[in-house]
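See below for the structure under consideration.
Hydrogens, waters and symmetry mates are skipped; everything else that's a heavy atom, side chains included, is used. Letters A, B, ... mirror the listed sequences (proteins, then strands); counts begin at 1.
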Number of protein chains: 2
Amino acid sequence: MNFMSTNQPKKPSKSDRTRAQILDAARQLFAEHGYDGASIRDIAALASIDPAMVIRYFRSKDELFARAALLDLQLPATQVTDRASIGDAIIRRFLRTWENSPSATGMVILLRSAASNEFAAEKVRDVFATQVRPVVAPFGDPADAGRRAGLVASQLLGLATCRYLLRLPPVVALSHEEIIRDVGPVLQRYATGAD
Amino acid sequence: MNFMSTNQPKKPSKSDRTRAQILDAARQLFAEHGYDGASIRDIAALASIDPAMVIRYFRSKDELFARAALLDLQLPATQVTDRASIGDAIIRRFLRTWENSPSATGMVILLRSAASNEFAAEKVRDVFATQVRPVVAPFGDPADAGRRAGLVASQLLGLATCRYLLRLPPVVALSHEEIIRDVGPVLQRYATGAD
DNA sequence: AATAAAAGTCACCGATCGTTGACAAATGGA
DNA sequence: TCCATTTGTCAACGATCGGTGACTTTTATT
């Protein structure tokens with residue numbers, strides 16, 4: 001009979017744990033040191049396995065990086081909102097994405113590597129195109145959509161850079177409430193193009 | 001007599017040209033590919049000299065990087081201004097620094113390398129402490145100075161990241177006038193802490 | 001218990017890196 | 001012209017990198 005063999009619904013078995021260990025170690029080191037700064041040997045050592053296993057499970061360092069950066073990049077959707085609260089909605093989603101979602105580490109990895117890794121840079125541009133632009137576009141002059149989205153991206157990426165990469169003390173010290181209160185209105189202004 | 005021998009006021013001779021060639025090549029490649037991405041051999045090839053000369057003139061890659069990033073980091077001073085135009089003054093100095101000063105390349109080098117090079121990251125924090133904070137501090141509640149300066153830095157660094165590193169098309173396309181008009185008021189708000 | 005597949009170990013390849021030191025060529029003052 | 005200093009060339013070092021393949025151990029099935 002064997003009526004549940006086509007899919008593999010249960011497979012907690014064996015090697016998948018090693019796979020997950022490697023991915024966890026890779027995410028951690030990529031997030032800390034970027035693509036170049038994290039070697040396969042370092043990742044293997046952190047995962048307590050042999051370096052050859054890293055290549056065995058993921059075919060190359062590039063592929064491992066892509067998995068580590070993208071696998072869990074399930075960004076929370078922006079709940080539909082009205083024009084008056086779009087800035088507030090964006091900054092709240094930003095905080096949710098960067099501090100309370102499984103994608104948080106992936107975002108740090110991407111941003112840290114984007115400065116010197118073209119694949120990561122392209123992926124950041126892609127996140128902009130799919131996550132920022134469509135959200136901002138409907139709330140102003142369509143001819144302005146690119147400019148408005150670009151301004152929003154500049155503020156969001158700057159906040160992320162200062163808070164999660166450079167760890168600029170006064171920016172790290174900001175509470176969620178302060179960020180929402182101070183940055184929200186700026187995003188509102190950028191997103192709608194109002195003066 | 002030899003009354004001018006303690007200092008060496010004139011030395012256009014010979015090797016200084018090679019030195020300058022190496023520095024120029026290093027600045028260009030560090031700015032394009034970051035610290036790790038630019039090898040001494042690449043720099044030497046671009047300068048049309050032997051890799052060993054790079055070490056001969058600068059003692060190590062670290063020292064060369066420090067020279068390339070800091071040598072010409074003479075940021076233009078912010079002219080004193082009144083409270084009402086501080087945002088405008090900051091964004092104008094930003095554009096002058098990043099697009100019309102010999103420090104421009106050094107800034108790109110620092111920012112691109114800061115994501116994965118601790119020396120560069122520390123230097124960026126230093127630029128923040130010496131260039132942003134003191135400018136912003138006098139125009140609001142002294143207890144707020146850190147927060148206000150941090151918000152200003154987040155917007156400035158974000159703009160630089162999008163425009164000069166990631167080259168996000170809509171941000172690259174912004175004219176100086178647009179940037180001054182759109183970002184200036186935001187910096188004004190951040191710097192003064194007004195609502 | 002026998003056995004085939006899976007999982008893990010180990011030594012090593014070729015490439016590239018920063019750096020060194022021995023040596024040759026060019027330079028300039030005596 | 002002689003000679004010492006500067007300037008440039010060359011080969012190679014040790015280390016590290018990503019990646020490969022042969023091998024042994026474990027696991028699971030019959």
Practice task
Check salt bridge (charged side-chain N to carboxylate O under 4.0 Å, His left out) between Asp144(B) and all other residues, then give those that pass, not counting sequence neighbours.
Solution key: Arg147(B)
Fill in the blank from the handout: Arg19(B) CZ to dT6(D) P, in whole Å, measures 14 Å
Problem - Ser39(B) side-chain N/O to dT16(C) phosphate OP1/OP2 under 4.0 Å - result: no
Exercise for the section: Return the value, rounded to whole Å, for the distance between atom CG of Asp16(A) and atom P of dT27(D). Expected result: 15 Å
Fill in the blank from the handout: To the nearest angstrom, the CZ-C1' distance between Phe65(B) and dG18(C) comes to 16 Å
Problem - Interatomic distance where CZ belongs to Arg17(A) and P belongs to dT26(D) [whole Å] - result: 16 Å
Exercise for the section: Rounded to the nearest angstrom, tell me the gap between atom CG in Leu64(A) and atom C1' in dG19(D). Expected result: 13 Å
Exercise for the section: Using ring-ring contact (aromatic ring centres under 6.0 Å, His included) as the criterion, list what pairs up with Phe94(B), not counting sequence neighbours. Expected result: Trp98(B)
Handout entry: Selection: residues 42-60 of chain B, any non-hydrogen atom under 4.0 Å of DNA chain D
Key = Asp50(B), Ala52(B), Met53(B), Arg56(B), Tyr57(B)
Problem - Partners meeting side chain to side chain donor-acceptor pair (under 3.5 Å) with Glu63(B) (sequence neighbours left out) - result: none
Practice task
Send over the distance from Lys61(A) NZ to dC17(D) P, rounded to a whole Å.
Solution key: 8 Å
Exercise for the section: Kindly indicate whether a cation-pi arrangement holds for Arg67(A) with Tyr57(A), taking the cut-offs as under 6.0 Å to the six-membered ring centre and within 45° of the axis. Expected result: no
Exercise for the section: Could you check how far CD1 of Ile40(A) sits from P of dC13(C), rounded to whole Å? Expected result: 19 Å
Handout entry: Residue list, salt bridge (charged side-chain N to carboxylate O under 4.0 Å, His left out) with Glu32(A), at least two apart or on another chain
Key = none
Problem - Within residues 120-155 of chain A or reaching into it, pairs that qualify as ring-ring contact (aromatic ring centres under 6.0 Å, His included) - sequence neighbours excluded - result: none
Completion exercise
Separation of dT16(C) atom P from Arg41(A) atom CZ, nearest Å, is 16 Å
